Amino acid sequence: MARSHLTLAALATNAVPELDVAHARNHSLAGGGLFDSALLVTRDEKELIIRVPTSQAAETEQSADLVALRALTTGNRSRLPFDVPVFVGQAPFEGTRAVVYERLPGASYDADALTGHEGVSGSIGRAIAAIHGLPSAFIGDAGLVQQSAQDCRTATIDLIDRAANTGRLPAALLRRWELATDDDALWQFAPTVIHGSLAAESFLISDDAVCAVLGWSGLSVGDPARDLNWLLAARGDAAETAVATYAAARQGNDPLITQRAMLYAELELARWLLHGVDSHDEVIVDDAVSMLDGLVDNVHSHTMNSLSPDTGPILSVSDVESMLKDTPRTRATGSAGRNSDDSSEYGTSEFADTGSFARVTSFDGTGFDTAGYDTGYGDDSTGPIPTEDAADGTSGDTATDDHAAKRSSSE
């Protein structure tokens, strides 16, 4: 049962000394979300958000978010052209903890709406570029994940191999993805600080500009393509403005970034399959297999932009929209989900750990005409795809060679 706003208000007074709450209201779906949340208004008219996780996955996500927010010191925040949530206090409660944040002003929109306005789109491109431009030393100091380009490549290979080991991955897709991971040029990039879980709901907008960015639990050093995945999906009239603005700010120094982002987007299908297999849910497995088969059909039937010179075409908008229209938006273990439109502040991306493909609704093979980037795909509101370190702990080159040898022997 969802905790009432009055219970949460009482918890907040324990978490924040001398807090004087004048008003409180629910800020989450009753019993439907992975966080119980309330909006609090103090006597001096400050607004706060209190959240209590309702699952172990949500608690893990909240803990990661707190570590990231502490790492984003005043100096780091001063480099960003937007606000970042401020931690106010916490209190233990029923084996977990309630956490209080300052509520940031601004409104949230879906991906198409965000990219339907040229000014907002440009602001989003600059915001992402600012994150990627942060100096990376603080990530290591905070004990957060740091991945090299080879680490990202090796983790991707591992994901593909795990999907192949289920026996449900079509051979055509296995070959397509292997060609992408074997393409050395695709993985020649400089890792940057990344948000790690960007989606449309990560942004708060005020006065036609990004005023805040939320949900920092994925903060790390890694592949910047992971933060562009959702953006290139958007089909607003000014979507290419965001990409062009980002490319200009980053000086176009990663020409194959969108091909990697496309690969990550396609691999959401593999993650969805693995989630179904790991949870022993045949409905999810069947759904993933159906979508993988649809991807194969489009690879064979369309001539569109490729992941790398030898991988073949990618999906069209209409095909994937049709394929995914009935994809379930259920919650799963391993990640916390957003509670409601009102409670998107300080929320987390659906299936952040399991990599559900439920957020992906379309790909666009037409591409954007933007300087320095081949943006040959799109998908609606998909978040970036998390990658994992190689399970065997081998170095990047060794792991890649081992996987290549295993593939050759099996072909």
Side-chain angles (χ1 to χ4, degrees), residues 60-61 64-65 67-69 71-72 76 79-80 84 127-160 162 177 180-181 183-199 202 213-232 246-247 249-250 253-268 270-271 307 334-335 348-349 351-355 359 373 382-391 393-397 399-400:
T60 300
E61 192 82 13
D65 189 61
V67 172
L69 293 181
L72 288 167
N76 290 323
R79 298 171 181 267
L80 300 173
V84 173
I128 299 174
I131 296 171
H132 294 177
L134 287 173
S136 61
F138 79 96
I139 296 293
D141 293 342
L144 297 172
V145 173
Q146 300 182 84
Q147 287 189 314
S148 67
Q150 188 59 52
D151 290 335
C152 297
R153 185 182 193 177
T154 300
T156 302
I157 291 171
D158 179 64
L159 172 64
I160 294 169
R162 287 191 290 121
W177 294 342
T181 56
D183 182 0
D184 291 337
L186 196 64
W187 302 95
Q188 300 301 313
F189 67 91
T192 68
V193 174
I194 60 173
H195 178 280
S197 53
L198 277 183
S202 303
V213 175
L214 312 174
W216 291 84
S217 62
L219 181 65
S220 60
V221 168
D223 190 344
R226 289 170 55 185
D227 282 348
L228 291 184
N229 200 351
W230 75 275
L231 180 58
L232 297 177
Y246 172 85
R250 298 293 297 162
N253 59 359
D254 187 359
L256 297 180
I257 188 172
T258 55
Q259 280 88 342
R260 293 195 312 279
M262 182 67 244
L263 173 62
Y264 292 147
E266 292 186 6
L267 287 174
E268 286 283 12
R271 291 183 180 276
L307 302 176
S335 172
T348 56
S349 298
F351 295 75
D353 295 327
T354 61
R359 297 192 309 274
Y373 284 84
T382 184
I385 302 170
T387 56
E388 304 171 30
D389 292 329
T394 56
S395 68
D397 292 336
T400 304

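One is the number of the first residue; the rest follow in order along the sequence. Every value quoted in this text rests on a predicted model; they were computed, and no experiment measured them.
Side-chain atoms of Ile131 and Leu80, non-hydrogen and from C-beta on, do get closer than 4.5 Å to each other. Contact annotation: the side chain of Pro135 approaches that of Arg79 to within less than 4.5 Å [non-hydrogen atoms, C-beta and beyond]. Residues Leu219 and Phe138 have side chains in contact (heavy-atom distance under 4.5 Å, counting atoms from C-beta outward). Contact check for Val213 versus Leu198: side-chain heavy atoms found under the 4.5 Å cut-off. Side-chain contact between Val221 and Gln147 is absent, with no heavy atoms from C-beta onward closer than 4.5 Å.
The CG atom of Leu267 sits 9.0 Å away from atom CE of Met262, with the distance rounded to the nearest 0.5 Å. One distance of note links CD1 of Ile128 with CD1 of Ile194; it measures 11.5 Å at 0.5 Å rounding. One distance of note links CG of Leu228 with CD1 of Ile257; it measures 4.5 Å at 0.5 Å rounding. Between atom OG1 of residue Thr181 and atom CD1 of residue Ile157 there is a gap of 4.5 Å, rounded to the nearest 0.5 Å. Put simply, CG on Asn253 and OG1 on Thr192 are 9.0 Å apart, with the number rounded to the nearest 0.5 Å.
Remark: the backbone N or O of Gly218 is paired with a side-chain donor or acceptor of Ser220 at under 3.5 angstrom. Side-chain atoms of Asp227 come within 3.5 Å of backbone N or O of Gly196 as a donor-acceptor pair. Between the side chain of Gln188 and the backbone N or O of Asp184 there is at least one donor-acceptor pair closer than 3.5 Å.
Under the rule for a side-chain contact (heavy atoms from CB on, under 4.5 Å), the partners of Ala249 that lie at least two apart in sequence or sit in another chain are Ala129. For Asp141, there are no side-chain hydrogen bond (donor to acceptor under 3.5 Å, both in side chains) partners at least two apart in sequence or on another chain. Remark: Ala190 engages no residue in a side-chain contact (heavy atoms from CB on, under 4.5 Å) (not counting sequence neighbours). For Ala64, the side-chain contact (heavy atoms from CB on, under 4.5 Å) criterion is met by Ser217, not counting sequence neighbours. Ala149 meets the side-chain contact (heavy atoms from CB on, under 4.5 Å) test with Phe189; sequence neighbours excluded.
Here salt bridge (charged side-chain N to carboxylate O under 4.0 Å, His left out) pairs that include residues 256-265, with residues two or more places apart or in two chains, are Asp223-Arg260, Asp254-Arg260.
Asp151 and Thr154 share no side-chain donor-acceptor pair at under 3.5 Å. Between Gln150 and Trp187, the side chains place no donor N or O within less than 3.5 Å of an acceptor N or O (distance only, hydrogens not considered).
Aromatic ring orientation, Trp216 versus His195: tilted (interplanar angle from 30° to 60°).
Residues Tyr246 and Pro224 approach most closely at OH-CB, 3.9 Å, considering heavy atoms. Of all the heavy atoms in Gly215 and Ser197, the pair that sits closest is O-OG, 3.2 Å.
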